[in-house]
Amino acid sequence: MLDIAFIRQNADTVRAAIKNKRCDVDLDALLDADRARRDGIVVVDAKRARKNQIASLIPKATKEERPTLIEEAKTIRTDIEKLEPELAAVVKTFDDLMLRIPSIPRPEVPIGAVEADNVEVRKVGTPRTFDFTPKDHVELCTHLGLVNWEGPRKFAGGRSYALIGMGALLELAVTRMAVDLLMARGLTLVTPPVMVRERALTGTGFFPGGREEAYAMEADELFLVGTSEVPLVSLHADDILEESALPIRYAGLSQCFRREAGASGKDTKGLYRVHQFTKVEQVIFGLPDEEAAEKEHYALLANAESLLEKLEIPYRVALACTGEMGIGVTRKHEVESWMPGRNAYSETHSCSTMGEFQARRSNIRVRKADGSLGFVYTLNNTAVASPRILIPILENHQNADGSVTLPKALVPYMNGIEKLTPR
RNA sequence: GGAGAGAUGGCCGAGUGGUCUAAGGCAGCGGUUUUGAAAACCGCCGACGGUGCAAGCUGUCCAGGGGUUCGAAUCCCUUUCUCUCCGCCA
């Protein structure tokens, strides 16, 4: 969410952001609602002021004066009772529109509509040249017995899967490796609730725009989160954090749930796009300062890259274009791992600076050293998401006989197992 | 799931219909004193909105929502959360 005063004063900037981010919201409707809201407040506040004035006069008034005052107060109350619902309706319109206004992309962000408009920043590692026909991860998982595909699809539906045996252990291993790396770099491990109220999703910017993406549990008015970013950011909703306590750096470990409502028919095969997965996510609360935020952003990015280096996976880093950024994001880097089965770099990490966007929605403030209050900046990045990360691990490290030689860093987490072979 | 007790500013805590512009304390900020610091003393000190060049004026907020009343932190209803006991349970 942006400051309405900022929106009024920078309407053109906001209009450009809406266009470039391909958001569906009517800025003029918002400005109209804002005007109507403020006009309404002036009228209602004047009535309320008189009402308060009369209420304070009555105890001091004589017996003779009282009936007149009470009469006037009753009239005013009737007026107010008529005006308040009208104002509330205007405010509701205003609030709904405010929630759909995107944050402003930073100047370095390329303007573009689709993935192809992202700007490559660097490539690290070289995709391996195979002297045999490499298998894709589906074949490898089947060959090595890492996944049960058919069972889950019968009782849990499409995009479901079960990791089995070494497959399940591999997920634990890579997850634990990520946790250890982040803890060593000063992040605090959190295993948060994954069932949350609507407020957490609105507060982090996933609602109202992404309502279709979330699983809802109607009976309890709870939603399953698609990332632990949601509970981690919400952990400090309504808090006033001391400047000295910042930055706060969390590593969230959770199951994530996504309906993939807009992806029907896309990536239905294998482990790439699934409804339920495990993710270690990095979340930062920092001072509202662009320079400090930039430093944190690149530290988060570096953590993800370290992970991929340990996993010996070639990857590339791209600066996402405006059309590929979420509503609240002001700068986003995507890290794409090389996946031989897709013959492409594909997204495994997403590193975002959100500015004050989430803090305004979730009411997360900082008391600065000079005593003033401000909103914090939030940032987030994937550390590792499984099973998607299993794809480049298996595909890049496969051998001609269908076995997989695990990257060295993973071996201790695999109880010393160096190679996956069919059992 | 059942019964009961609670929720007040950054924190603790008083406040059972008008004088609440929320006592008092802690923390914070400024000052006096001091070589410096501490202590003591004095003063300041909630958030958000509207309006205004500004000074100021004004509205809302005592967990959330609704109601009663000329007037609600206070009375009523409701939701959420916390605590105690019982039940169930990995």
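So you know, we letter chains A, B, ... as the sequences are listed, proteins then strands, and number each from 1. Quick note: numbers below take in every heavy atom, side chains included, and nothing from hydrogens, waters or symmetry partners.
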- For salt bridge (charged side-chain N to carboxylate O under 4.0 Å, His left out), just list the numbers for A/R48 and A/D45, CA-CA rounded to whole Å, side-chain angles, deciding distance to a tenth of an Å, and then say yes or no. CA-CA 5 Å; A/R48 283 175 177 162; A/D45 276 5; 3.7 Å; yes
- Give me the residues of residues 188-205 of chain A where at least one heavy atom lies under 4.0 Å from an atom of RNA chain B, by number, or none.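 Hits under 4.0 Å, by residue number: A/R197.
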- Item | ring pair (Phe, Tyr, Trp, His ring centres under 6.0 Å) pairs, two or more places apart, involving residues 188-213 of chain A |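 Pairs touching residues 188-213 of chain A that pass the test: A/F207-A/F223.
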If you restrict it to nitrogen or oxygen atoms, what contacts under 3.5 Å exist between nucleotides 7-10 of chain B and the protein, and what is each distance?
none

Of all residues at least two apart in sequence or in a different chain, which pass the salt bridge (Lys or Arg N to Asp or Glu O under 4.0 Å) check with [X]?
{"X": "A/R365", "result": "none"}
{"X": "A/E395", "result": "none"}
{"X": "A/E347", "result": "none"}

- Task: Could you label the plane-to-plane angle of the A/Y250 and A/H236 rings as parallel, tilted or perpendicular, counting under 30° as parallel and over 60° as perpendicular?
- Result: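 It falls in the parallel class, under 30°.
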- Can you give one letter per nucleotide of nucleotides 58-73 of chain B, 5' to 3': B if a protein heavy atom sits under 4.0 Å from the base, S if only from the sugar-phosphate, - if neither? SSS--------BBS--
Using a cutoff of under 3.5 Å, can you pull out all pairs of nitrogen or oxygen atoms linking the protein to nucleotides 11-13 of chain B, with atom names and distances?
none

Determine all donor-acceptor pairs shorter than 3.5 Å in which one atom belongs to a side chain in residues 183-192 of chain A; sequence neighbours excluded.
{"unit_1": "A/R185", "atom_1": "NH1", "unit_2": "A/N303", "atom_2": "OD1", "d": "2.8"}
{"unit_1": "A/R185", "atom_1": "NH1", "unit_2": "A/S306", "atom_2": "OG", "d": "3.1"}
{"unit_1": "A/R185", "atom_1": "NH2", "unit_2": "A/S306", "atom_2": "OG", "d": "3.0"}

- Which value, rounded to the nearest 0.5 Å, describes the distance between A/L232 atom CG and A/Q282 atom CD?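 A/L232 atom CG to A/Q282 atom CD measures 11.0 Å (nearest 0.5 Å).
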- Item | Qualifying side chain to side chain donor-acceptor pair (under 3.5 Å) pairs with a residue from residues 213-227 of chain A, counting only residues at least two apart or across chains |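 Found A/Y215-A/H275, A/T227-A/K279.
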- Item | Residues which pass side chain to side chain donor-acceptor pair (under 3.5 Å) with A/K310, listed by chain and number, not counting sequence neighbours |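 Here no residue qualifies.
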- Query: For A/R8, which residues count as a side chain to side chain donor-acceptor pair (under 3.5 Å) partner, sequence neighbours excluded?
  - Reply: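 Expected list: A/D34.
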- Task: Round to a whole Å and report the spacing from CG of A/D95 to C1' of B/rG49.
- Result: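 My rounded result for the distance is 12 Å.
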